[in-house]
Amino acid sequence: MTYACIKGTGGYLPEKVLTNFDLEKMVDTTDQWIVERTGIHRRHIAAVGETALSMAEQAAQIAIADAGLEARDVGLIIVATTTPEKMFPSTACLLQQRLQIAGCPAFDLNSAACAGFIYALAVADQFIRNNTVKNALVIGSEVMSKVLDWNDRSTCILFGDGAGAVVLGASDSPGIVSTHLHADGTHKDVLSLGIGLGKPLAVEEALYLKMSGNQLFKLAVKRLGDLFDETLAANGLDRSSVDWLIPHQANIRIIQAMAKKLNLPLERVAITLQDQGNTSSASIPLALDKAIREKKIKRGDRLMLESFGGGLAWGSALIKY
Ligand code: ACO
């Protein structure tokens with residue numbers, strides 16, 4: 001059997017930081033409201049000229065070096081992003097050109113919103129398990145600041161920009177133990193970003209992320225709770241076998257509910273949202289990278305990754321690090 005294991009990680013955050021106090025000057029909100037309802041204190045915002053591509057490149061270079069590899073060792077690039085450089089060429093192809101590794105498959109996965117990284121990880125896992133590629137670069141990169149209505153206090157306080165990257169490599173032991181993906185289009189209106197070539201939309205709907213936060217909150221808690229049960233049952237494990245939770249960084253109250261479900265103290269949860277907000281598909285690889293670099297997560301630890309986003313789309317990955 002061939003498995004995909006994590007060989008290296010990398011992350012990139014733009015230099016500019018926007019605090020809750022800065023937001024107080026922009027919309028009718030307070031630091032207290034944002035901290036109490038979300039857990040977020042600040043977030044990074046891309047500079048003019050910084051894009052999903054430029055951030056992905058930074059994170060990728062770090063992850064490749066961390067894996068002890070050269071760019072030419074990468075046999076597959078998948079970039080999860082809902083804020084791509086262009087419709088096409090894909091951000092992944094543009095990155096491949098920058099890395100000067102023409103020839104390997106490279107594509108974006110832009111259809112699973114905040115669950116994009118887990119979806120991308122699951123796809124790369126299949127390529128490696130099938131012995132189609134040896135090393136895969138899986139990235140989440142987002143400039144959420146460009147799709148926010150900065151007059152809408154219910155959404156603009158939640159998100160940030162950044163990129164996280166993971167290099168997966170073939171191994172004869174896990175690695176990625178299992179991945180579990182789901183979607184439910186009946187909830188298509190709970191979270192959406194209208195940009196596209198469908199029927200004409202009002203400018204507001206087309207350009208900005210729209211969300212029914214309260215509804216999404218309840219759906220996320222229910223779906224992710226069920227997903228943990230499914231993931232553990234598929235592997236004949238119980239919740240005491242999980243060492244670390246690496247959750248999507250949307251809201252501290254959702255993360256707390258998920259930690260409780262797994263019976264994990266918050267010290268065993270990778271949390272970055274206080275400093276980064278919700279970076280959509282970048283949030284999991286950024287949290288993973290930080291916890292590894294801080295030497296909290298150790299080789300052999302069992303990790304539960306989970307995320308949910310527009311679609312709805314949601315998924316988990318159980319990983320032996
Ligand atoms: N500052 C002050 N007041 C605010 C703000 C703000 N920034 N935003 C909303 N309010 C007000 C509302 O207008 C409302 O006022 P009202 O009672 O007078 O009508 C009140 O606060 C409560 O609003 P709710 O939306 O009910 O607040 P809630 O406790 O649900 O928190 C939040 C809102 C933080 C958005 C929460 O619902 C949440 O985190 N939901 C999940 C969001 C999420 O997971 N997003 C992930 C997206 S993943 C992806 O794919 C991009």
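This chain uses plain numbering: 1 for the first residue, then up along the sequence.
- Between Asp275 and Arg42 a salt bridge is recorded (basic side-chain N to carboxylate O distance below 4.0 Å).
- The CE atom of Met1 lies 9.5 Å from the CG atom of Asn131; values are rounded to the nearest 0.5 Å.
- Under the 30°/60° scheme for interplanar angles, the aromatic rings of His182 and Trp314 are found to lie parallel.
- Expressed to the nearest 0.5 Å, how far CD1 of Ile252 lies from OG1 of Thr38 amounts to 9.0 Å.
- A salt bridge does not link Lys210 with Asp189: every distance from a Lys NZ or Arg NE/NH1/NH2 to an Asp or Glu carboxylate oxygen is 4.0 Å or more.
- Taking every heavy atom of both residues into account, Asp243 and Arg268 meet most closely at O-CD, 2.8 Å.
- With values rounded to the nearest 0.5 angstrom, Glu15 atom CD is found 7.5 Å from Tyr12 atom OH.
- In this structure, a donor-acceptor pair under 3.5 Å is present between the side chains of Asp184 and Thr186.
- Using a 4.5 Å cut-off between side-chain heavy atoms of Ile, Leu, Val, Met, Phe, Trp and Tyr, with links allowed through other members, Leu318 and Leu224 fall into the same hydrophobic cluster.
- Of the residues listed (Thr81, Thr91, Thr82), the one engaging Asp108 in a side chain to side chain donor-acceptor pair (under 3.5 Å) is Thr91, and it is the only one.
- By the 4.5 Å side-chain criterion applied to Ile, Leu, Val, Met, Phe, Trp and Tyr, Val74 is assigned to a cluster that also includes Leu53, Ile64, Leu69, Ile77, Val79, Leu94, Leu95, Leu99, Ile101, Leu137, Ile139, Val167.
- Atom CD of Gln58 is separated from atom CZ of Arg98 by 9.0 Å, given to the nearest 0.5 angstrom.
- A distance of 10.5 Å separates CD1 of Ile297 from CZ of Arg299, quoted to the nearest 0.5 Å.
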_One pair to check against side-chain contact (heavy atoms from CB on, under 4.5 Å): Leu266 and Lys260. What are the steps and the verdict?_
CA-CA 9 Å; Leu266 282 185; Lys260 197 169 165 202; over 6 Å; no

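- For the residue pair Thr279 / Gln249, no side-chain donor-acceptor distance below 3.5 Å is found, with atom types taken as modelled.
- With rounding to the nearest 0.5 angstrom, the CD1 atom of Ile34 is 10.0 Å from the NE2 atom of His41.
- At a cut-off of 3.5 Å, with distance as the only test, a side-chain donor of Ser145 or Asp161 sits close to an acceptor on the other residue.
- Side-chain atoms of Ser316 and His180 include no donor-acceptor pair closer than 3.5 Å.
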